[in-house]
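Quick notes on the structure that follows.
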Amino acid sequence: MTQPVPRRQRFGFTIVELLVVLALIAMLLALLLVSIGKVREAAALSQSTNNLRQIGLAFHQFHDVHRYLPYNGTEAPYSVSGRKRGGPAVALQDSTGSWAFMILPYVDQQALFATRDTSTGVAVFLCPGRGRPTHSTLASNPGAWTDYFINSFLNDPNGDPNARDSRRTLAGIADGTSQTIIVGHGQMNPKDYLATAPVLDFTQTIFTGGSPALCRSKANVVNARDALHAQAGNWGGPFAQGSLMVMADGSTRTFSYSLAGGAIVDGEGDDGTFSGFLTPSGGESPDPVPHRDHDHDHDHHGGQRHRR
């Protein structure tokens, strides 16, 4: 009688089984990385929103003291009633330098305001979504810079970055403070995130007055995510949800990149476009597209705007 052949015992996994296990591990790791990426982006978005909220509060505190808002400064100094204004930043003189230098005492940077130290940056001016160096180390132009940019149309109807101070007041924003941007994200090329020196027309140190790289003054308005084809003067940012802005009432908003840019002519923007939120008089309905307001305590909608 023929004896049955005993089955060979199996030890370990077959190659196919190992490949399946490895594929599952790779899939789980990919999902984990995506999840971590989303958490990090959400944290960066939250921190950047908080930065803008602090900047908006600083603008209000500056206004409380001076009875007018900061502006972009001027390249060369000038005098008004014997007082020096404009030009490069001078320690302890908040009528010089850029808007970001002017508000230093109101963002807990009194020491930097008093010393004009060019070897350090200012955390509240930096967006964690970009992770840029804190300041320029260029020998001829060192100092802190900012990922946020002033709306120069507040100071000048044509948005001239180098216009003298018109001393715009909050009460002088005819369209309503909740409908007018004061500071926000500007578009950049991701390749420039690691730059250790100012990028022409995109970034500049806060000690420089009147620079187009410290505001966004393009009359043909564009709001677009950071990209390799970024153009100077565009609004935008690193986040997929849209660009972050702080309004003149202190509230923060995310503006979708799908919102039409529009154009600004003689200080007036187009109805229902991003341009309308840049002009202090004329240009948009209260809510032309859905947006997310990050500061509900200040979400007060003004009356409808109309072109004159």
Side-chain angles (χ1 to χ4, degrees), residues 30-57 59 100 107 121-134 145-151 178-195 199 201-203 213-216 218 221-262 273-278 284 287-296 298-299:
L31 291 173
L32 180 61
L33 290 174
V34 169
S35 178
I36 292 174
K38 288 182 178 179
V39 169
R40 286 179 175 173
E41 182 172 0
L45 180 67
S46 177
Q47 181 59 55
S48 193
T49 300
N50 187 55
N51 289 347
L52 282 169
R53 188 176 291 117
Q54 292 184 59
I55 290 171
L57 179 60
F59 266 65
V107 290
V122 180
V124 75
F125 292 156
L126 298 171
C127 174
R130 287 176 172 150
R132 300 174 64 215
T134 61
W145 49 34
T146 173
D147 282 325
Y148 310 108
F149 306 90
I150 196 170
N151 169 20
S178 66
Q179 301 301 315
T180 306
I181 291 167
I182 52 172
V183 173
H185 264 129
Q187 189 186 42
M188 285 187 63
N189 185 332
K191 285 187 176 181
D192 293 329
Y193 286 178
L194 299 181
V199 180
D201 293 333
F202 282 91
T203 62
L214 287 164
C215 66
R216 290 296 181 262
K218 199 172 182 179
V221 180
V222 176
N223 175 40
R225 190 174 184 183
D226 289 355
L228 297 179
H229 58 270
Q231 295 183 13
N234 287 355
W235 296 91
F239 301 113
Q241 295 89 336
S243 57
L244 302 179
M245 304 287 153
V246 61
M247 316 303 287
D249 69 343
S251 63
T252 54
R253 296 187 185 181
T254 301
F255 283 82
S256 171
Y257 302 127
S258 64
L259 174 62
T273 70
F274 192 94
S275 66
F277 288 97
L278 298 173
E284 88 279 348
D287 291 297
V289 294
H291 66 268
R292 182 169 60 191
D293 191 333
H294 298 282
D295 191 352
H296 298 287
H298 294 87
D299 189 18

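Hydrogens, waters and symmetry mates are skipped; everything else that's a heavy atom, side chains included, is used. One is the number of the first residue; the rest follow in order along the sequence.
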Closest non-hydrogen atom pair, [X] against [Y]:
X: Val124; Y: Ile55; value: O-CD1, 3.8 Å
X: Lys218; Y: Val221; value: O-CG2, 3.6 Å
X: Asn223; Y: Ser243; value: OD1-OG, 2.7 Å
X: Asp249; Y: Ser178; value: OD2-CB, 3.4 Å
X: Phe125; Y: Trp145; value: CB-O, 3.7 Å
X: Phe202; Y: Phe149; value: O-CE2, 3.3 Å

Mark yes or no for whether [X], through its side chain, and [Y], through its backbone, hold a donor-acceptor pair below 3.5 Å.
X: Ser48; Y: Ala44; answer: no
X: Arg225; Y: Gly237; answer: no
X: Asn189; Y: Ala230; answer: no
X: Asn51; Y: Leu126; answer: yes

Any heavy-atom pair between the side chains of [Y] and [X] that's under 4.5 Å?
X: Thr203; Y: Arg132; answer: yes
X: Leu45; Y: Leu244; answer: yes
X: Ile150; Y: Leu214; answer: no

Under the side chain to side chain donor-acceptor pair (under 3.5 Å) rule, collect the residues that match up with Asp226, sequence neighbours excluded.
->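 Only Arg130, Tyr193 meet the side chain to side chain donor-acceptor pair (under 3.5 Å) criterion with Asp226.
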
According to the interplanar angle, ranging from 0 to 90°, do the rings of Trp235 and Phe274 count as parallel (below 30°), tilted (30 to 60°) or perpendicular (above 60°)?
->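 Tilted.
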
Indicate the ring-plane relationship of His185 and Tyr148, choosing parallel, tilted or perpendicular according to the 30° and 60° boundaries.
-> tilted

Run through Arg253, Arg216, Met247 and flag the one making a side chain to side chain contact (heavy atoms under 4.5 Å, CB included) with Ile181.
-> Met247

For Pro128, the option from Gln47, Arg40, Glu41 that meets side chain to side chain contact (heavy atoms under 4.5 Å, CB included) =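 Checked Gln47, Arg40, Glu41 against Pro128; only one passes side chain to side chain contact (heavy atoms under 4.5 Å, CB included): Gln47.
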
Take Val183 and Leu52, measure what side chain to side chain contact (heavy atoms under 4.5 Å, CB included) needs, and give me the verdict at the end.
-> CA-CA 8 Å; Val183 173; Leu52 282 169; 4.0 Å; yes

How far does OG1 of Thr254 sit from CE of Met245, to the nearest 0.5 angstrom?
-> 9.0 Å

